[in-house]
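Order of the sequence lines fixes the chain letters, A, B, ..., with proteins taken first and strands second; residue numbering starts at 1 for each chain. This one's a predicted model, so the numbers in the text were calculated from it and none came from an experiment.
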There are 2 protein chains.
Amino acid sequence: MLREEKLYTTSSDYVYDELLHKILMRQLKPGERLAEVNLAVALGVSRTPVREALRRLASQGLLEIIPNVGARLVSPSQKDVEDTFKVRSVLETTAMRLALQNMDDANLEDLEEVVAQEEKAIRRGEFEEYLAVNEDFHRIIAHLSGNEVLESFIKNCIARISIYTAIIDSPIHEILESSLSEHKKILEAIRERDVSKAENSMEEHMINTSNFLFSYGKKMV
Amino acid sequence: MLREEKLYTTSSDYVYDELLHKILMRQLKPGERLAEVNLAVALGVSRTPVREALRRLASQGLLEIIPNVGARLVSPSQKDVEDTFKVRSVLETTAMRLALQNMDDANLEDLEEVVAQEEKAIRRGEFEEYLAVNEDFHRIIAHLSGNEVLESFIKNCIARISIYTAIIDSPIHEILESSLSEHKKILEAIRERDVSKAENSMEEHMINTSNFLFSYGKKMV
DNA sequence: CTTATATACATTGGATTCAAAATGGGAGGA
DNA sequence: TCCTCCCATTTTGAATCCAATGTATATAAG
């Protein structure tokens with residue numbers, strides 16, 4: 001358990017970031033139990049900062065804490081995930097519109113670079129790397145919206161969905177390729193400064209991702 | 001410090017609800033310092049549950065915690081509030097649309113009753129009562145959307161805006177009246193099952209509320 | 001063999017304690 | 001008068017400790 005490159009001011013922040021990172025990297029499974037002592041020992045801190053981090057994650061809808069029983073990762077239903085995608089879709093299209101107003105050439109280059117890295121990660125089969133840069137793509141757009149509330153809500157949606165997708169053990173090549181081409185289309189719209197094309201392709205991307213997930217989910221059952 | 005009618009399973013929840021209630025009722029001012037010991041003594045608990053509650057509120061963007069210094073209520077800039085209203089507008093119009101699909105006659109009656117209570121509170125000059133039922137109006141619609149993520153985000157926006165409006169010491173009759181008539185218009189659209197009218201009047205309501213706040217804010221400076 | 005009960009164990013809730021950091025005030029000097 | 005440095009006080013960070021709740025096991029009764 002590392003991630004110690006970044007120096008934390010408080011242990012609570014360290015534990016929080018550590019757990020959130022595990023969630024985003026699909027290293028924790030839905031419904032998984034998070035015992036305080038286990039985490040404390042594993043991270044080399046006492047139960048106190050662990051408890052604080054767990055409460056924070058719970059208040060963001062990522063954990064469920066039952067008093068006197070303990071914390072576990074939420075176990076979202078299909079409806080929960082569909083609901084999250086509905087909200088995320090509205091938020092990300094809004095962010096896309098706002099970001100387009102603020103975006104300069106350097107920002108566009110950053111995004112092009114991220115998509116290039118996505119493609120590279122897919123070609124090389126580096127799944128974790130792909131997850132990281134894929135998340136970057138959406139985070140950059142959310143950030144460029146210049147609206148911090150919007151950004152934080154989008155990040156939260158992404159985290160909630162990450163928990164659900166953690167049930168998928170091996171990457172589905174079909175989904176990755178499709179997502180990549182949709183990102184390219186969004187990028188194209190940005191390059192052309194075409195607001196409605198950007199909004200529409202972002203909305204399509206959300207709908208497609210959601211649908212792909214559940215068509216895969218059905219195969220599993 | 002009461003609110004003990006509801007029995008809490010944990011002290012942490014109690015402290016959290018107590019603080020959130022004070023925020024929504026404008027009893028705390030932007031930038032106000034929240035010292036752990038003060039709260040602990042006032043609420044009759046130790047620092048531990050207070051700290052947990054403070055972290056939760058901070059992770060929702062309501063408090064700012066500086067390590068080794070302490071927690072204070074955020075002090076949102078005008079841009080922060082405008083950003084929050086932008087997000088809230090998108091979310092509440094979405095909620096309005098979804099709620100209209102789920103709403104039955106009993107739900108409509110509940111809303112009618114809430115608006116009637118708003119009017120009563122205004123006529124009687126009961127400001128705190130007004131704040132409570134006004135919040136209910138939006139909360140009920142958010143809840144009827146049937147989308148829990150959407151609902152939680154809307155509640156968060158409302159809390160963020162409550163902090164800003166706490167700078168207004170005495171109720172502005174003009175705003176209350178205007179808000180009431182907008183709620184009536186929304187209700188009318190719901191009665192007529194007119195989706196686009198409902199969405200539009202909700203969006204207008206958001207824009208007007210935001211504008212009213214800042215035209216008032218300018219008078220103060 | 002199943003079910004109920006009691007007991008031991010594990011885990012959480014929360015108070016307390018100690019260390020560390022920040023704040024405020026005063027003394028001393030330019 | 002103003003600035004700087006140092007020390008006392010206050011407040012937070014986090015580990016520890018105890019009580020209470022929940023869980024699991026085993027024992028005994030039906």
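- Taking both residues in full, the closest heavy atoms of B/Asn147 and A/Val87 are given as ND2-CG2, 3.7 Å, listed atom of the first, atom of the second, then distance.
- Taking the ring centroids of A/Phe85 and A/Phe214, they lie at or beyond the 6.0 Å cut-off.
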Note to self: For a side-chain hydrogen bond (donor to acceptor under 3.5 Å, both in side chains) check, start with the C-alpha distance between A/His138 and A/His143, then their side-chain angles and the critical distance, and finish with the verdict.
What the structure shows: CA-CA 9 Å; A/His138 292 278; A/His143 186 70; over 6 Å; no
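- To the nearest 0.5 Å, the span separating CG on A/Asp110 from CZ on A/Phe137 amounts to 12.0 Å.
- Each end of the helix from C/dC1-D/dG30 to C/dA30-D/dT1 gets its own axis from five base pairs, and the two axes differ in direction by 10°, given to 10 degrees.
- One interatomic measurement links the two molecules: CG of A/Leu39 to P of D/dA15, which rounds to 14 Å at whole-angstrom precision.
- Heavy-atom minimum distance, A/Arg47 versus A/Ala40: N-CB, 4.0 Å.
- A/Leu62 contributes atom CG, which lies 10.0 Å from atom CG of A/Leu19 (distance to the nearest 0.5 angstrom).
- For B/Glu148, the CD atom counts as loosely surrounded, since its 6.0 Å shell holds 12 or fewer non-hydrogen atoms of other residues, nucleotides or ligands.
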Next item on the list: Before giving the answer on salt bridge (charged side-chain N to carboxylate O under 4.0 Å, His left out), spell out for B/Arg72 and B/Glu64 the whole-Å C-alpha distance, their side-chain angles and the decisive distance to 0.1 Å.
Entry: CA-CA 6 Å; B/Arg72 51 182 64 238; B/Glu64 185 184 19; 5.7 Å; no
Next item on the list: Spell out protein contact along nucleotides 10-17 of chain C as letters: B when the base is contacted, S when just the sugar-phosphate is, - when no protein heavy atom is under 4.0 Å; keep the 5' to 3' order.
Entry: -SBBBBBB
